[in-house]
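Residue numbering restarts at 1 for every chain, and letters A, B, ... go by the order of the sequence lines.
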Amino acid sequence: NAGVMQNPRHLVRRRGQEARLRCSPMKGHSHVYWYRQLPEEGLKFMVYLQKENIIDESGMPKERFSAEFPKEGPSILRIQQVVRGDSAAYFCASSRGPGSGNTIYFGEGSWLTVV
Amino acid sequence: GENVEQHPSTLSVQEGDSAVIKCTYSDSASNYFPWYKQELGKRPQLIIDIRSNVGEKKDQRIAVTLNKTAKHFSLHITETQPEDSAVYFCAASISRDDKIIFGKGTRLHILP
């Protein structure tokens, strides 16, 4: 039973480029979360999605950041026109959804470096 | 929305001693409180969790306590070992929206 799969594990982008991070939830999980972790800091909630629906995006920056979880395929976190401050680890987590006890399991993370 | 405060930010204990990490939450509707351990460069891993209908839960050297009235919960690690050195995060969740909010983490150092 594969866990939460994230790719790429490491991504380097120049300022102004776009970054796309992908996440496939655990088998049987229908809900995906994205968290950002700056160096030496905590896990900041960004967005919570189920297939074809954004449930809560209260942690997403208003500009340049977007997320989706299409009917087919992985969830994607997209960062347009990256800046140095976007350099961080981006963790995806998944759960079975409401009523499941809320337990979430994390992927290995995607480390974004903006140069 | 929910806010989770975690203390201390750094904790050093002698190997074999106990470590205690404390968290408070703001939303009285929170009903699920997981704890995660994160080693350097790795993903957070669930180590123990507690639900609001339970006051205490133990798993070998790890225990978590919950005080709903005071809105705080704690992680206790007994007989600490070098491999316990890591960053520990508490979190809280409200069932109506399933969003899990994390504290800022405690860096635990186990001293030889």
Looking at every non-hydrogen atom in both residues, tell me the closest pair between [X] and [Y] and how far apart they are.
X: B/Tyr32; Y: A/Thr103; value: OH-OG1, 3.0 Å
X: B/Ile100; Y: A/Tyr35; value: O-OH, 2.5 Å
X: A/Ser58; Y: B/Lys99; value: OG-NZ, 3.2 Å
X: B/Phe89; Y: A/Glu41; value: CZ-O, 4.2 Å

For A/Phe91, which atoms come within 4.5 Å of any heavy atom of chain B: side chain, backbone, both, or neither?
side chain
Considering residues, nucleotides and ligands other than [X], do more than 12 of their heavy atoms fall under 6.0 Å from its [atom1]?
X: A/Glu63; atom1: CD; result: no
X: A/Lys51; atom1: NZ; result: yes
X: A/Gln81; atom1: CD; result: no
X: A/Arg14; atom1: CZ; result: no
X: B/Glu79; atom1: CD; result: no
X: B/Arg61; atom1: CZ; result: yes

Kindly compute the distance separating CD (B/Gln38) from CD (A/Gln37), expressed to the nearest 0.5 Å.
4.0 Å
Given a strict heavy-atom distance threshold of 4.5 Å, which part of B/Pro34 is in contact with chain A: side chain, backbone, both, or neither?
neither
